[in-house]
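Note sheet for the following structure.
Since we're looking at a predicted model, the values are computed, not measured.
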Amino acid sequence: MELVLDIVLDALIDTAKLVPFLFVTYLAMEALERAAGDKTAEAVERAGHAGPFIGALLGAFPQCGFSAAAATLYAGRVITLGTLIAVFLATSDEMLPIMIAEQVEPTLILKILGIKVIVGMLAGFAIDAAAYILRRNASGELHIHELCEADNCHCHDEEGGIVRSAFNHTVQVTVFIFLVSLALTAIVEVVGQATFSLFLVSNPELSVVASALVGLIPNCAASVIITELYLEGTLGFGATMAGLLVSAGIGLLVLFRTNRRMRENFMVVALLLAVGVFFGLVFTALGFSL
């Protein structure tokens with residue numbers, strides 16, 4: 001019974017952290033849609049070219065709140081695919097709090113964050129450039145109204161206005177995140193962090209791929225395990241970076257909840273995995289470490 005209560009409490013805490021980010025994001029999006037004419041849409045599209053730069057910088061802030069906000073903004077086509085990927089790659093999730101708690105040298109923390117930000121920018125700009133060449137740029141016309149139609153939130157009702165609409169969206173997404181987080185937390189508790197750790201370190205030649213796969217788990221436990229194994233000296237730097245780069249936290253859950261285009265969602269996962277594994281293998285091949 002105590003284990004069940006711990007699982008529920010952990011899921012509640014993880015979910016509660018995101019509520020302010022989600023509400024503010026939806027509130028801003030509702031305000032944008034109300035004011036959005038052709039000029040507003042064009043302005044957003046022009047600003048999208050610098051999106052990966054700004055997104056990577058903002059994504060480096062601790063916790064995964066901004067990655068959740070970015071997922072929602074992408075679903076509404078307010079930001080580009082490259083910007084979304086930049087945010088996800090730069091997101092520090094639980095890495096930063098763990099390193100600070102372990103009194104890791106500030107220079108080491110800054111170097112790791114810097115690498116994540118740089119990789120996020122490079123990947124983001126490359127993806128947006130490729131999308132532009134293929135004429136499939138992910139920004140352009142706003143699709144915020146599609147979120148409203150999918151969630152049946154009555155956004156355009158006069159009563160309550162944008163506050164009510166933002167509240168309705170936030171509640172629906174929060175419930176979804178809580179349920180999935182509850183399931184993931186239960187799995188981690190039952191399987192045990194030791195099992196995940198063994199999976200990462202028992203296959204040295206595949207540790208980069210294994211770390212990236214663990215990093216994809218949309219739960220804070222993934223980045224915690226990877227960070228702790230690195231600080232213990234058990235996991236190599238290349239494998240560590242592969243896992244931390246793809247650790248977008250709850251952002252992936254929000255993406256799958258808000259963006260109805262499942263093919264795009266799986267493409268985002270594939271891109272994250274590919275970038276994380278690529279740079280992890282590069283760091284490993286070069287023998288790079290901090």
Side-chain angles (χ1 to χ4, degrees), residues 10 13-14 16-18 20-21 24 50-70 83-125 188 193 196-197 200-201 207-208 210-212 214-252 272 275-290:
D10 287 342
I13 292 174
D14 288 343
K17 292 177 182 178
L18 297 174
F21 288 95
V24 171
F53 176 82
I54 299 172
L57 291 176
L58 293 176
F61 281 89
Q63 305 299 320
C64 52
F66 191 72
S67 69
T83 301
L84 176 70
I85 294 295
V87 172
F88 279 3
L89 290 171
T91 295
S92 62
D93 202 12
E94 296 295 332
M95 179 203 77
L96 188 55
I98 292 295
M99 287 192 168
I100 292 175
E102 294 288 345
Q103 299 182 349
V104 175
E105 288 291 332
T107 53
L108 175 59
I109 297 176
L110 290 175
K111 287 178 181 178
I112 293 178
L113 287 176
I115 290 174
K116 286 171 64 65
V117 168
I118 291 172
V119 170
M121 288 180 183
L122 292 175
F125 281 122
V188 171
Q193 292 194 11
F196 284 106
S197 301
L200 290 175
V201 301
S207 61
V208 170
S211 181
V214 170
L216 279 177
I217 299 173
N219 185 279
C220 62
S223 58
V224 170
I225 294 170
I226 293 169
T227 302
E228 289 182 342
L229 288 177
Y230 172 68
L231 295 178
E232 292 171 3
T234 306
L235 197 63
F237 182 76
T240 299
M241 290 309 302
L244 293 179
L245 282 169
V246 304
S247 293
I250 305 297
L252 284 174
L272 275 179
V275 173
V277 170
F278 173 77
F279 280 96
L281 290 175
V282 169
F283 290 139
T284 300
L286 295 177
F288 186 82
S289 63
L290 293 176

Roughly how far apart are [X] [atom1] and [Y] [atom2], rounded to 0.5 Å?
X      : Y      : atom1 : atom2 : value
Phe279 : Leu89  : CZ    : CG    : 8.5 Å
Phe53  : Leu122 : CZ    : CG    : 12.0 Å
Leu216 : Ser247 : CG    : OG    : 7.5 Å
Phe88  : Thr83  : CZ    : OG1   : 11.5 Å
Leu286 : Leu281 : CG    : CG    : 10.5 Å
Met95  : Leu231 : CE    : CG    : 10.0 Å

Qualifying residues under side-chain contact (heavy atoms from CB on, under 4.5 Å), relative to [X], sequence neighbours excluded:
X      : result
Ile109 : Leu96, Met99, Ile100, Val104, Leu113
Phe278 : Val282
Ala239 : Ser207, Val208, Ser211, Leu235

Open item on the list: When you measure from the side chain of Lys116 to the backbone of Ala60, do you find a donor-acceptor pair of N or O atoms at a distance under 3.5 Å?
Closed with: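 Not a single qualifying donor-acceptor pair exists.
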Open item on the list: For the CZ atom on Phe237, are there more than 12 heavy atoms of other groups (residues, nucleotides or ligands in this structure) within a distance under 6.0 Å?
Closed with: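 Yes, enclosed.
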Indicate yes or no: at least one non-hydrogen side-chain atom of [X] is less than 4.5 angstrom from one of [Y].
X      : Y      : value
Thr227 : Leu244 : yes
Ile112 : Thr240 : no
Leu57  : Met121 : yes

Nearest heavy atoms of [X] and [Y], plus distance in Å:
X      : Y      : value
Gly55  : Val87  : O-CG2, 3.4 Å
Gly238 : Thr284 : CA-OG1, 3.5 Å
Gly120 : Ala86  : O-CB, 3.3 Å
Val246 : Gly276 : CG1-CA, 4.0 Å
Ala242 : Gly280 : CB-CA, 4.1 Å

Task: Intermediate values then yes/no, side chain to side chain contact (heavy atoms under 4.5 Å, CB included), Ile115 and Phe288 - done: CA-CA 12 Å; Ile115 290 174; Phe288 186 82; 4.1 Å; yes
